[in-house]
Undergrad: 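One structure, as structure tokens, below. Some questions next.
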Amino acid sequence: MNIFKLKVGRPTIVLLGEGMDNTIISGNKSFGGRFQTYYTATVGVNGQGFTALDITFWNEAGPENQQAVALRGYADYISSYRCRFEGYQDTLYTQFGIQFYRDSQFFGTVDFICVDATAVFQNCIIEVRAPVPGQYNVITVQQRENEDDSTGIVLQNCTIKARLNT
């Protein structure tokens with residue numbers, strides 16, 4: 001198992017793992033740990049043309065630590081194939097651009113697919129984890145601030161599940 005932290009700012013980067021269970025990029029920064037949500041990302045992508053295959057992106061800060069991003073995408077042409085995104089609140093933060101996720105898995109509790117981009121999710125598994133007391137489950141949240149922006153989310157042929165324990 002490979003575990004490391006990564007920040008991507010160059011254009012046209014491909015990360016090729018050895019499977020979701022074998023290649024894991026993990027971190028544990030969180031809003032509860034006094035970081036702004038943007039800076040909690042285990043992997044932050046700011047470069048155009050990022051592709052990930054057969055990798056897990058994991059923020060292991062835990063459900064009590066509020067926002068803790070596994071992957072933050074602020075770029076056009078981000079794509080993933082057979083990747084896993086694990087966390088609790090704000091697991092995937094699609095902050096900007098055109099993004100595509102296929103045959104991937106997403107785990108979280110509160111608005112864990114946080115969208116302010118144009119994002120398509122195809123043939124994905126979206127699994128809701130049990131929240132801590134006082135929290136509630138929300139799968140996606142659209143954060144568009146300018147009503148003239150053409151952003152949104154499409155879930156095509158996705159499966160939504162609920163996990164009883166965290």
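In what follows, every heavy atom counts, from backbone to side chain, and hydrogens, waters and symmetry copies are set aside.
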Undergrad: Do Lys29 and Glu60 meet the salt-bridge criterion of a basic N to acidic O distance under 4.0 Å?
TA: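 Salt bridge absent between Glu60 and Lys29.
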Undergrad: Looking at Thr140 and Cys114, would you say the former's side chain and the latter's main chain have a donor-acceptor pair under 3.5 Å?
TA: no
Undergrad: Is there a side-chain contact between Ile139 and Val128 (heavy atoms, below 4.5 Å)?
TA: yes
Undergrad: Under a 4.5 Å cut-off applied to non-hydrogen side-chain atoms, are Tyr136 and Pro131 in contact?
TA: no
Undergrad: Looking at Thr56 and Glu86, what are the two nearest heavy atoms and their distance?
TA: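 Of all heavy-atom pairs spanning Thr56 and Glu86, the closest is CG2-OE2, 4.5 Å.
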Undergrad: Strictly distance-based, threshold 3.5 Å: is any side-chain N or O of Asn59 a donor or acceptor partner for the main-chain N or O of Val69?
TA: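 At least one qualifying donor-acceptor pair exists.
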Undergrad: Measuring from atom SG of Cys158 to atom CG of Asn123, what distance do you get when rounded to the nearest 0.5 angstrom?
TA: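 Nearest 0.5 Å value for the SG-CG distance: 7.0 Å.
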Undergrad: To check you understand the geometry: which heavy-atom pair defines the closest contact between Ala70 and Phe57, and what is its length?
TA: CB-O, 3.5 Å
Undergrad: Following the transitive rule for hydrophobic clusters with a side-chain heavy-atom cut-off under 4.5 Å over Ile, Leu, Val, Met, Phe, Trp and Tyr, establish whether Leu71 and Ile153 coincide in one cluster.
TA: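 Linked, Leu71 and Ile153 end up in one cluster.
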Undergrad: May I have the step-by-step check of side-chain hydrogen bond (donor to acceptor under 3.5 Å, both in side chains) for Ser104 and Ser80, ending in yes or no?
TA: CA-CA 7 Å; Ser104 294; Ser80 85; 3.0 Å; yes
Undergrad: Are Val120 and Tyr77 in one and the same hydrophobic cluster, where Ile, Leu, Val, Met, Phe, Trp and Tyr link if side-chain heavy atoms are under 4.5 Å apart?
TA: no
Undergrad: When you measure from the side chain of Asp90 to the backbone of Gln67, do you find a donor-acceptor pair of N or O atoms at a distance under 3.5 Å?
TA: no
Undergrad: Would you check if Phe106 and Phe112 make a side-chain contact, meaning some heavy-atom pair closer than 4.5 Å?
TA: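 In short, these two side chains touch, coming nearer than 4.5 Å.
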Undergrad: Within the side chain of Gln89, is there an N or O that forms a donor-acceptor pair under 3.5 Å with the backbone of Asn65?
TA: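 Not at all, since once roles are kept as given, no pair shorter than 3.5 Å links the two residues.
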Undergrad: I need the Arg102 CZ to Gln122 CD distance, nearest 0.5 Å.
TA: 4.5 Å
Undergrad: Does any non-hydrogen side-chain atom of Ile113 lie less than 4.5 Å from one of Phe121?
TA: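 Yes, at least one pair of side-chain atoms sits under 4.5 Å.
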Undergrad: Identify the heavy atoms of Thr42 and Trp58 that sit nearest to each other, and give their distance.
TA: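 What the structure gives for the nearest pair is OG1-O, 3.2 Å.
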Undergrad: Are Ile25 and Ile55 close enough that some pair of their side-chain heavy atoms sits under 4.5 Å apart?
TA: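 They are in side-chain contact.
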Undergrad: I'd like to know if the side chain of Arg72 and the backbone of Tyr38 have a donor-acceptor N/O pair within less than 3.5 Å.
TA: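 Between the backbone of Tyr38 and the side chain of Arg72 there is a qualifying donor-acceptor contact (under 3.5 Å).
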Undergrad: Let me confirm one number: the CD1-CG distance from Ile78 to Leu92, rounded to the nearest 0.5 Å.
TA: 8.5 Å
Undergrad: Working to the nearest 0.5 angstrom, can you tell me the gap between Asp111 CG and Tyr93 OH?
TA: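 So the gap between those two atoms works out to 10.5 Å.
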Undergrad: Are Val14 and Leu53 packed together at the side-chain level, in the sense that at least one heavy-atom pair is separated by less than 4.5 angstrom?
TA: yes
Undergrad: Could you tell me whether a side-chain N or O of Gln66 sits under 3.5 Å from a main-chain N or O of Pro63, the two making a donor and an acceptor?
TA: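 Looks like no, no N/O pair under 3.5 Å.
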Undergrad: Taking side chain to side chain donor-acceptor pair (under 3.5 Å) as the definition, give me every residue that meets it alongside Asp54, ordered by chain and number, with sequence neighbours left out.
TA: Arg82
Undergrad: Can you confirm whether more than 12 heavy atoms, excluding those of Phe31, are under 6.0 Å from its CZ atom?
TA: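 Counting neighbours around CZ of Phe31, 12 or fewer heavy atoms of other residues, nucleotides or ligands fall under 6.0 Å, so no.
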Undergrad: Is Ile126 close to Leu155 at the side-chain level, that is, under 4.5 Å between some pair of heavy atoms?
TA: yes
Undergrad: Can you list everything that forms a side chain to side chain donor-acceptor pair (under 3.5 Å) with Gln105? Sequence neighbours excluded, please.
TA: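 For Gln105 the side chain to side chain donor-acceptor pair (under 3.5 Å) partners, ignoring immediate neighbours, are Arg84.
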Undergrad: Specify the closest pair of heavy atoms between Met20 and Cys83, including all atoms of both residues, with the distance to one decimal.
TA: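 Distance-wise, the nearest heavy atoms are SD-C, 3.5 Å.
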Undergrad: Counting the benzene-type ring for Trp, do Tyr101 and Phe85 have ring centres under 6.0 Å apart?
TA: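 Yes: the rings meet the under 6.0 Å criterion.
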Undergrad: Report yes or no: do Val45 and Val115 belong to one cluster of Ile/Leu/Val/Met/Phe/Trp/Tyr joined by side chain heavy-atom distances under 4.5 Å?
TA: yes
Undergrad: Can you see whether Thr40 engages Ser30 through a side-chain donor-acceptor pair at a distance of less than 3.5 angstrom?
TA: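 No, Ser30 and Thr40 have no side-chain donor paired with an acceptor closer than 3.5 Å.
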Undergrad: To the nearest 0.5 Å, what is the distance between CZ on Arg129 and OG1 on Thr91?
TA: 7.5 Å
Undergrad: For Thr51, enumerate each residue passing the side chain to side chain donor-acceptor pair (under 3.5 Å) test, keeping only those at least two apart in sequence or located in another chain.
TA: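 Per chain and number, Thr51 pairs via side chain to side chain donor-acceptor pair (under 3.5 Å) with Ser79.
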Undergrad: Just by modelled atom types, is the Gly49 backbone N or O under 3.5 Å from a matching donor or acceptor in the Thr12 side chain?
TA: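 Side chain of Thr12 to backbone of Gly49, a donor-acceptor pair under 3.5 Å: no, none is there.
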